[in-house]
Amino acid sequence: MFMEYPFEKIEKKWQKIWAEKKIFDAEDFSKKPKYYVLSMFPYPSGALHMGHVSNYSIADAISRYKIMQGYNVMQPMGYDSFGLPAENCAIENNSHPRVTTDENIDIMRNQFDAIGFGLDWEREVSTCHSDYYRWGQWLFKRMYEKGLVYKKKSFVNWCDDCQTVLANEQVEDGKCWRCETVVRQKELEQWFFKITEYAEELLDFSKVINWPERVKTMQTNWIGKSFGTEMWFKLKDSDDIIKVFTTRPDTIFGCTFMALPPEHPLMIKWLEDEPEDSKLTKFCEKVMNEDKITRTSEDTTKEGIFTGRYALNPVNGEKVQIWVTNYVLMDYGTGAVMAVPAHDQRDFEFAKKYEIPIKIVIQNSEKSLILEEMTEAYIEPGILVNSAQFDGMESVASQKAITDWMTEQKTGKHTITYKLRDWGISRQRYWGTPIPIVYCEHCGTVLVPDEDLPVKLPEDVQLGKTTQNPLLSAKEWMNTTCPECGGGATRETDTMDTFVDSSWYFARYADAKNDKVPFDKKKADYWLPVDQYIGGIEHAVMHLMYARFFHKFMRDIGMVSSDEPFARLLTQGMVIKDGAKMSKSKGNTIDPQYIIDRYGADTVRVFMLFASPPEKDVEWSDEGVKGAFRFLNRVWRLFEENLELIKENVATKEREGTQSISSEIKELRYSTHHTIKKVLDDIENRMQFNTAIAAIMEHLNNIYGITEPEKLNDTDKAVYAEACAFIPRLLYFFAPHISEELWKLIGKENLVHEFGIPEYNPEYLFKDEITYVVQIMGKIRGKLEVPVDTSQEEIKKLALEIENVKKHLEGKEVKKIIVVPKKLVSIVAK
RNA sequence: GCGAAAGUGGCGGAGUUGGUAGACGCGCUGGAUUUAGGAUCCAGUGGGAGAGAUCCUGUAGGGGUUCGAGUCCCCUCUUUCGCACCA
């Protein structure tokens, strides 16, 4: 009967000891160097899922490694506990999000402890508690005072299912990132953060130490910087001006019409004078009501209607028709396009369809363009024609010349645009941070004074009775007095996007209990930036960009000194089962609790880390979990069977050398020291835990290769004991409980990490016999065992004497012999 | 369409500077043990030929550089991810 090692007893025991000794409590301003390991905090949806286990196992391995190295490590934990799902869940269960959220948090906290993660619970935060969101409101105010917050009526992304607004970043493929409902445009007044003010700095990644290229590229694309020209078109018969943005000022002389979206302010103005049933009005309404996917799909046919109005081309005064179209976006550039059908494919298609004139202004110098023969726009560079004084100029060079000239003429200017929009943070839902604003009939929009913060969420609200924001019906809460004039006022009922809460939590951990300010600057400067941040790739743009924005803002108002919040970023892969991400909706989840109960926390961790490198997805495998469990049992049994031998012979260096070491044991000694080197290198330099664990497994196999250790001589026994004793010290990062237990069993008094990082002896990595591979024309024909100091000439001679080599050289002439030191002999023969 | 990453046994994956491809684990096969099942232990395990030594072949496909290529270069295919009417 196979005895499973008593993981349950061991794990509980060591968790208790760690907690009692407070070894994971980070010390502010310690003399030791600091190391801040942070995992993205979880949304308290119920219990931990495998994705969490994967994320936190990686973080804990790094954390324990750094602790062992002697760093003052902070690994905090908290909960991103505001948000829609909690509210919806409460509505379904006829409960309150406060109750369900706090219940879930208790479950999760217990699970964290049951897996033995080394967390500093003294710093726990939960964003839905007023001692946290109070400071979110405080930061909102500072941002407001700095002119980075404004309220604006605009077309926003609206999710009918969530009954709220979404930021641009939260719309994926025209659908809500949470519930996949198709997003539609709705005109609403709402609050924005001026993230665009930081666009330029957000493009600069020079201050991060190690971020995946992928994430940097994704943010760079999202910000979407492009250089171009803004041109000012006067209207015929009006004083209005339409500004357009173009990256092709060289084509301005070829502009034959102008394209506007229905949302353009001028369009809206014109529509007021338009009969309700006119073609123009109907077209605009149709386009505006279209959902975002259809509207922005490339396959959607380009449609438009002539407004009957004209603009004047600023460079030659030509009349240009103004069309309203479905393919121009209001929220990019100036929201108006100068259309040059000859040199832009979209404009070309549109002009062909509606028979708008096409005018060639850039000639292909290799093959002249003929208007009648064109089937698509010519978008390549060329030579300017029909462009007045710029005729004959090369098109790329002309871009600057034309813009410079327009700048002189006061008809345009060089400009830069970004795809990045300001961050709309208003949410029309209950379960979020209240925006600290009141509206007074006399004083207008007024900030709630700092001393009145937090603006607490009213707990007694009617959830789910209406589809509208429950705060609107919390009359007692809504009606308040104006802090300035004392008169009647109403509170803002929008709450903040939960991404606001998660944009600064990493700083709050530095000083989580502060009730005077969000955090003490000295403490923040001691801990920040986060040395290693770990989380899912799905936050590449949203959370990670918002957090960088907040950090830079906090720096600018003197709250922190660093430029970036996260020095190193690791984006861990998802947990996959049956080819799909584990998720409740797909019904392919495995409950971590079940695995922990059956095999123990160490097994789950080892499996997760061993299955693949951290950035890659982990394929769930029941057999793989058993394999990890088997491995830990094999380790356990090794110690159990040889306990006395290991205990008596470990750290008895003085006995070494009294008898000569056998060659078999010499190899075991090599294995020990090689494994130490490999494991440390894999963690420190490569963050590749799968190969580190593989190396330990290999070493374990090597130890089992010694079949009767009790028959060894004293010297050999000492080496054998050492080979075993290093295992808990290396396995500690991945399977800390069993490691502590084994360490204790062999008579060690202190905790594993207190012995410091294991060191290998380079002398033992030195081999005095080297195997050379002998190749003839690249094919392996033999092997050669020689002493290290054998000369190259000697090696060549020996190689040629190998029987199989001789056979293959028969009838051939040896042209050259290449000896790669310590590796191989390559014979060139013909 | 554009951009990025990747493609290695039956599977997850090693292969760090061009130098023994397939470490380690799973699975599978044979054996030992066991009343049986499970578990454990030992041996084997890319494909093909051979009793064996050994030989041929093999890292998506094709070509190239090199004494030598999974690794470098060119082309093609496939997959994944991101962006996608951005003027």
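A note on names: the letters A, B, ... follow the listed sequences, proteins ahead of strands, and every chain is numbered from 1.
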Colleague: If the cut-off is 4.0 Å, is A/Arg634 near the phosphate of B/C41, judged by side-chain N/O to OP1 or OP2?
Modeller: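 Indeed, a polar side-chain atom of A/Arg634 lies that close.
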Colleague: Between B/A23 and B/U8, how far apart are the two P atoms, rounded to whole Å?
Modeller: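 Between the two P atoms, the distance is 16 Å.
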Colleague: Would you give a per-nucleotide map of nucleotides 50-63 of chain B, 5' to 3', where B means the base has a protein non-hydrogen atom under 4.0 Å away, S means only the sugar-phosphate does, and - means neither?
Modeller: ----SSSS------
Colleague: 5'-most contact on RNA chain B: A/Thr691 or A/Ala695, nearest heavy atom basis?
Modeller: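 Here A/Thr691 is the residue nearer the 5' end.
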Colleague: One thing to verify: whether A/Asp622 and A/Lys626 come together as a salt bridge, which I'm taking to mean a side-chain N less than 4.0 angstrom from a carboxylate O.
Modeller: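 No salt bridge links A/Lys626 with A/Asp622.
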Colleague: Are OP1 or OP2 of B/A84 and a side-chain N or O of A/Arg295 less than 4.0 angstrom apart?
Modeller: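 For A/Arg295, the contact criterion (side-chain N or O under 4.0 Å from OP1 or OP2 of B/A84) is not met.
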Colleague: Between A/Asp344 and A/Val541, which has a closest nucleotide on RNA chain B that is more 5'?
Modeller: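 Nearest nucleotide further toward 5': that of A/Val541.
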Colleague: Before you tell me yes or no, could you show the steps for A/Arg634 and A/Asn701 under side-chain hydrogen bond (donor to acceptor under 3.5 Å, both in side chains), namely the whole-Å CA-CA distance, both residues' side-chain angles and the distance that decides it to 0.1 Å?
Modeller: CA-CA 9 Å; A/Arg634 253 160 78 79; A/Asn701 292 344; 2.5 Å; yes
Colleague: Checking contacts here: which listed nucleotide (B/G13, B/U20, B/C85) is nearest the side-chain heavy atoms of A/Lys783?
Modeller: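 Per side-chain heavy atoms of A/Lys783, the pick is B/U20.
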Colleague: Checking contacts here: which listed nucleotide (B/G25, B/C67, B/C81) is nearest the side-chain heavy atoms of A/Ser826?
Modeller: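 Minimum distance to the A/Ser826 side chain belongs to B/C67.
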Colleague: Would you please classify the geometry between the A/Phe257 ring and the A/Phe350 ring as parallel, tilted or perpendicular, with 30° and 60° separating the classes?
Modeller: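 Because their plane-to-plane angle is under 30°, the rings of A/Phe350 and A/Phe257 count as parallel.
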Colleague: Any side-chain N or O of A/Arg421 less than 4.0 Å from the OP1 or OP2 oxygen of B/C86?
Modeller: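 No, because none of the side-chain N or O atoms of A/Arg421 sits under 4.0 Å from OP1 or OP2 of B/C86.
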Colleague: Taking CD1 from A/Ile537 and C1' from B/A4, how many angstroms apart are they, rounded to a whole number?
Modeller: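 Checked: the CD1 to C1' distance equals 11 Å.
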Colleague: Is A/Arg548 close enough and on-axis enough to A/Phe205, meaning under 6.0 Å and within 45°, for cation-pi?
Modeller: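 Yes.
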Colleague: Would you measure the distance from the C1' atom in B/G7 across to the matching atom in B/G70 and give it in whole Å?
Modeller: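 So the two C1' atoms sit 11 Å from each other.
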Colleague: So if I take every side-chain heavy atom of A/Met697 and compare against B/C83, B/G19, B/C24, which nucleotide ends up nearest?
Modeller: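 That would be B/C24.
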Colleague: Enter syn or anti for the glycosidic conformation of B/G62, syn applying to angles within 90° of 0.
Modeller: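 Anti conformation here, the glycosidic angle of B/G62 being more than 90° from 0.
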Colleague: Given the P atoms of B/U76 and B/G1, what is the spacing between them in whole Å?
Modeller: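 About 13 Å, rounded to a whole number of Å.
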Colleague: What's the gap between B/U80 and B/G31 when it is taken at their C1' atoms, as a whole Å value?
Modeller: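 Looking at atom C1' only, B/U80 and B/G31 are 44 Å apart.
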Colleague: Without decimals, in angstroms, what is the distance between A/Glu213 CD and B/A6 P?
Modeller: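 Roughly 12 Å, once rounded to whole Å.
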Colleague: Less than 4.0 angstrom between a side-chain N/O of A/Arg630 and OP1 or OP2 of B/U40, yes or no?
Modeller: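 Indeed, a polar side-chain atom of A/Arg630 lies that close.
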Colleague: What interatomic distance, in whole Å, is found between P of B/A69 and the corresponding atom of B/C56?
Modeller: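 Looking at atom P only, B/C56 and B/A69 are 15 Å apart.
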Colleague: Output, in order, the C-alpha distance, side-chain angles, deciding distance and verdict of side chain to side chain contact (heavy atoms under 4.5 Å, CB included) for A/Lys352 and A/Ile358.
Modeller: CA-CA 8 Å; A/Lys352 279 279 181 196; A/Ile358 299 173; 4.2 Å; yes
Colleague: Quickly work out the A/Lys678 NZ to B/A23 C1' distance and round it to whole Å.
Modeller: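 After rounding, the gap between these two atoms is 9 Å.
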Colleague: Expressed in whole Å, how much space separates the C1' atoms belonging to B/A21 and B/G58?
Modeller: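 Comparing C1' positions in B/A21 and B/G58 gives a spacing of 9 Å.
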Colleague: Regarding A/Glu303 and A/Lys286, does a basic nitrogen lie under 4.0 Å from an acidic carboxylate oxygen?
Modeller: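 A salt bridge links A/Glu303 with A/Lys286.
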Colleague: Taking only Lys NZ, Arg NE, NH1 and NH2, and the carboxylate oxygens of Asp or Glu, determine whether A/Lys711 and A/Glu664 approach each other closer than 4.0 Å.
Modeller: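 Between A/Glu664 and A/Lys711 there is no salt bridge, as every charged N stays at least 4.0 Å from the carboxylate O atoms.
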Colleague: Whole Å only: how far is the CG atom of A/Leu609 from the P atom of B/G13?
Modeller: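 Rounded to whole Å, this separation is 14 Å.
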Colleague: Can you find a donor-acceptor pair, distance only, under 3.5 Å between A/Lys302 side chain and B/C85 base?
Modeller: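 For A/Lys302, whose side chain was compared with the base of B/C85, there is a donor-acceptor pair (under 3.5 Å).
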Colleague: For the side chain of A/Pro613, counting heavy atoms from C-beta on, which of B/G19, B/C24, B/G13 is nearest?
Modeller: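 So the nucleotide nearest the side chain must be B/G13.
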Colleague: Please state whether the base of B/G25 and the side chain of A/Glu623 form at least one donor-acceptor pair under 3.5 Å?
Modeller: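 Under the 3.5 Å cut-off, the side chain and the base do not form any donor-acceptor pair.
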Colleague: Taking the side chain of A/Phe610 as heavy atoms from C-beta outward, which of B/G19, B/G25, B/C26 is closest to it?
Modeller: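 When the side chain of A/Phe610 is considered, B/G25 is the closest of B/G19, B/G25, B/C26.
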Colleague: Does A/Val328 reach a base, just sugar-phosphate, or nothing at all? Heavy atoms under 4.0 Å.
Modeller: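 Base, at least one base heavy atom under 4.0 Å.
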Colleague: Over how many whole Å does the gap from A/His699 atom NE2 to B/A23 atom C1' extend?
Modeller: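 Rounding to the nearest Å, NE2 of A/His699 and C1' of B/A23 are 16 Å apart.
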Colleague: Using a strict cut-off of less than 4.0 Å between a Lys/Arg side-chain nitrogen and an Asp/Glu carboxylate oxygen, indicate whether A/Glu803 and A/Lys806 qualify as a salt bridge.
Modeller: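 A salt bridge links A/Glu803 with A/Lys806.
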Colleague: Does the side chain of A/Asn685 get closer than 4.0 angstrom to OP1 or OP2 of B/U16 through an N or O atom?
Modeller: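 So the side chain of A/Asn685 is outside the cut-off, no N or O lying under 4.0 Å from OP1 or OP2 of B/U16.
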Colleague: For RNA chain B, which ranges pair as stems of 3 or more consecutive Watson-Crick or G-U pairs, with both donor-acceptor distances under 3.5 Å?
Modeller: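 The stems that RNA chain B takes part in, listed by first number, are B:1-7 with B:77-83, B:10-12 with B:24-26, B:27-32 with B:40-45, B:46-49 with B:54-57, B:60-64 with B:72-76.
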Colleague: Hey, is the side chain of A/Asn701 poking within less than 4.0 Å of OP1 or OP2 on B/G25, counting only N and O atoms?
Modeller: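 For B/G25, OP1 or OP2 has a side-chain N or O of A/Asn701 closer than 4.0 Å.
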Colleague: Would the number of heavy atoms belonging to other residues, nucleotides or ligands and lying under 6.0 Å from CD of A/Glu172 be above 12?
Modeller: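 More than 12 within 6.0 Å, yes.
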Colleague: Should the pair A/Lys359-A/Glu318 be classified as a salt bridge under the 4.0 Å nitrogen-to-oxygen rule?
Modeller: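 Yes.
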Colleague: Are any of the side-chain nitrogens in A/Glu213 or A/Lys216 under 4.0 Å away from the carboxylate oxygens of its partner?
Modeller: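 Between A/Lys216 and A/Glu213 there is a salt bridge, with a charged N closer than 4.0 Å to a carboxylate O.
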Colleague: In whole Å, what is the span from the CD atom of A/Gln219 to the P atom of B/C83?
Modeller: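 It is 12 Å, rounded to the nearest whole Å.
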Colleague: Checking A/Glu640 against A/Arg637 for the salt bridge (Lys or Arg N to Asp or Glu O under 4.0 Å) test, could you report, in this order, the C-alpha distance in whole Å, the side-chain angles of both residues, the deciding distance, and whether it holds?
Modeller: CA-CA 5 Å; A/Glu640 207 175 40; A/Arg637 207 175 58 239; over 6 Å; no
Colleague: Expressed as a whole number of Å, how far does the C1' atom of B/U59 sit from that of B/G22?
Modeller: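 The same atom, C1', in both gives a distance of 9 Å.
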Colleague: Which nucleotide sits closest to the side chain of A/Ser226: B/A23, B/C83, B/A87?
Modeller: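 So the nucleotide nearest the side chain must be B/A87.
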Colleague: Identify which nucleotide among B/G19, B/A87, B/G12 has an atom closest to any side-chain atom of A/Leu824, counting heavy atoms from C-beta outward.
Modeller: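 Minimum distance to the A/Leu824 side chain belongs to B/G19.
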Colleague: Step by step, work out the side-chain hydrogen bond (donor to acceptor under 3.5 Å, both in side chains) result for A/Tyr327 and A/Asp347.
Modeller: CA-CA 10 Å; A/Tyr327 75 94; A/Asp347 299 343; 2.8 Å; yes
Colleague: Expressed as a whole number of angstroms, how long is the span from A/Arg686:CZ to B/U17:P?
Modeller: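 Value for this atom pair: 9 Å.
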Colleague: Rounded to the nearest Å, what distance is computed from the CD1 atom of residue A/Ile683 to the P atom of nucleotide B/U16?
Modeller: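 Atom CD1 in A/Ile683 sits about 19 Å away from atom P in B/U16.
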Colleague: Looking across every strand, which nucleic acid part, if any, lies under 4.0 Å from A/Thr217 by heavy atom: base, sugar-phosphate, or nothing?
Modeller: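 The residue A/Thr217 makes no contact with any strand.
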Colleague: Sticking with atom P, work out how far B/G10 lies from B/A6, rounded to a whole angstrom.
Modeller: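 Result for the P pair: 23 Å, nearest Å.
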Colleague: Is any side-chain N or O of A/Gln688 closer than 4.0 Å to OP1 or OP2 of B/A14?
Modeller: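 Indeed, a polar side-chain atom of A/Gln688 lies that close.
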